[in-house]
There are 2 protein chains.
Amino acid sequence: MAARVNAAGLRRDLEILDVLAHEAGPRGEPLGVTRVAELVGREKSQISRALSSLAEEGLVERDDRSSGYRLGWRLYALAARTFESRLVAIATPYLRAVVTRVQETTVLCVLRGDDVLTIASETPPHAFRGVGWEGVSVPAAATSAGRVLVSDWDADTIRSFFTERKLAAAGEHPAIRTPDQLLAELERIRARGYATVDEEFEHGVVGCSAPVRDFNGRIVAAVNITAPKTRLGERLDAAGRFVANAAQQLTRRLVESR
Amino acid sequence: MAARVNAAGLRRDLEILDVLAHEAGPRGEPLGVTRVAELVGREKSQISRALSSLAEEGLVERDDRSSGYRLGWRLYALAARTFESRLVAIATPYLRAVVTRVQETTVLCVLRGDDVLTIASETPPHAFRGVGWEGVSVPAAATSAGRVLVSDWDADTIRSFFTERKLAAAGEHPAIRTPDQLLAELERIRARGYATVDEEFEHGVVGCSAPVRDFNGRIVAAVNITAPKTRLGERLDAAGRFVANAAQQLTRRLVESR
DNA sequence: ATGATGGTTGCTCTGACGGCAACTGATGCG
DNA sequence: CGCATCAGTTGCCGTCAGAGCAACCATCAT
């Protein structure tokens, strides 16, 4: 509401971009000026000029041979840059939803190098504010979050990334000691939609995680719960399903909904 | 160049979005009106109104508690439909394959104006996520990626694009100082299938790149490795062949997936 | 209270854009 | 070859939307 500026121009430009996004899409053929004009219901002269401006700023690109337009690189550059920031901002309610259901600290993790980095966390009332903002833990396939974060890698990469030595060195009681075991586990994770670990990384500690994806479908983060087995042990699978559900909703929210 | 419409408003809006993207950063807090106004050098009243409009269209979102702004859902929705997005989605496994072989950060670049824009990167374990999403560097023929990206241009275009002055100004130790030298180098690149540079752009840094083509056969991106000479120097040509191989596979995949 | 800082709103005058129509240029057809 | 059609660009003018300034709120610290 309230005061607006450039409302008309902005709306026109966005109508154009939307038309290009939906009608043409990345795989579709570029759209011509007249076609766009029809679809947004405006003067083609306006569309011609507007597309010129948009092209000059890199928001759309002109295909040389067909002289049609499609979405430009700049949109990608803008969005890619702040993705994590937005992730953190949006994740909170979903993390909290899990917290209220499970009553355990719930965190959001990303992969940095070969460490799992926590970028957001929500704690239940009455819980001591634990690590919170940024803990770095060894993922090396001994944590559920780490496994989830690599669960869309191909087998070759996994094999070269996780050597046996590395696997054995991860965690106190690694249940997974060979790349093949890891690959089998990743398959299970993909099938179930969430991962669980039982005292592998640390004695008495269990955890579950589920993947969050970006607009490319790539796994960019994991929603994770880590808690003492005495508290969470019985409910671990139930918690896993909650976490998976939250991660899915978060994924959807990230790209589409308003 | 050509007629423009809404040029002023569009540019202002994009300046704002750029500021939000860059200044807010990965971990960034939302930015307030005054801060944005300073950064883009405009009247805060304009920024206030412009942000209102942008928020109404979903290009930015207002953070309730801090009353600051950050990029909004709509940008991500649009970004998902760009060609770059598709490229990144498909390229990731191939980049990772190179990383596991060479153990160096591998990136995917496209040409934007006369800059090289990194649109995706994969890092080996134990590398700190450096630039990550997108950096902009001066290619002007002093980087391997830049040379690869222009290696299918015709001689006239090259000559008019890269003046001697421009060539001399690029990099610390430009080995290529005239258009003719550049053309000869491009010929070598085409013959070998990949490009290498040795401390030209920056002292102590070497790199190699290979072209990715679309279904028209046009070069649309480059797979690139840039690393300290002390680490990669000996293996530079081997790395070049890996990169070329990955780029070819990616090209094939890109064409098949239509 | 006072002042500082961040954000919104009223107001006027200017210049940028909407709409139309003429123009260019490619393509097709008898 | 001439004519018709369609796609895209450009010139023109009156009108309306926005740049800029300053006044006005809201919040917080001293």
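Below, read A as the first sequence line, B as the second, and so on, with proteins coming before strands; counting in each chain starts at 1.
Taking both residues in full, the closest heavy atoms of A:Ala145 and A:Ser209 are given as N-OG, 3.0 Å, listed atom of the first, atom of the second, then distance.
By the side-chain hydrogen bond (donor to acceptor under 3.5 Å, both in side chains) test, B:Thr34 pairs with no residue at all, sequence neighbours left out.
In this structure, NZ of A:Lys44 is placed 8 Å from C1' of D:dC6, rounded to the nearest angstrom. Rounded to a whole Å, the CG atom of B:Leu51 is 11 Å from the C1' atom of C:dG7. One atom, CD1 of B:Ile16, and another, C1' of D:dG18, lie 13 Å apart when rounded to the nearest Å. When the P atom of C:dC20 is taken as reference, atom CD1 of A:Ile47 falls 14 Å away, rounded to whole Å. Between the P atom of C:dC17 and the CG atom of A:Leu10 lies a distance of 14 Å, rounded to the nearest Å. For the pair A:Arg12 CZ and D:dG18 C1', the interatomic distance rounds to 14 Å; values are reported in whole Å.
Side-chain N/O atoms of B:Arg62 include one lying less than 4.0 angstrom from OP1 or OP2 on C:dT8. Residue B:Arg42 places no side-chain N or O under 4.0 Å from the OP1 or OP2 atom of D:dG18. Within the 4.0 Å cut-off from OP1 or OP2 of D:dT9, not a single side-chain nitrogen or oxygen of A:Ser45 is found.
Side-chain proximity of A:Ser48 to C:dT9, D:dT9, C:dC20: nearest is D:dT9. With distances taken from any side-chain atom of A:Glu43 to the nucleotides D:dA7, D:dG20, C:dG19, the minimum falls on C:dG19.
A cation-pi arrangement, defined by a distance under 6.0 Å to the six-membered ring centre and an angle within 45 degrees of its axis, is present between A:Arg70 and B:Phe83.
Atom CZ of A:Arg101 is surrounded by 12 or fewer heavy atoms from other residues, nucleotides or ligands within 6.0 Å. Enclosure of atom CZ in B:Arg188 is not indicated, since only 12 or fewer non-hydrogen atoms of other residues, nucleotides or ligands lie within 6.0 angstrom.
In this model, a side-chain donor or acceptor of B:Arg49 finds a partner on the base of D:dG20 within 3.5 Å.
Donor-acceptor pairing under 3.5 Å is recorded for the side chains of A:Arg218 and B:Thr92. In summary, the side chains of B:Ser144 and B:Asn224 do present a donor paired with an acceptor at a separation below 3.5 Å, with no hydrogens or angles considered.
If you check residues 32-39 of chain B against DNA chain C, the residues with a heavy atom closer than 4.0 Å are B:Gly32, B:Val33, B:Thr34, listed by number.
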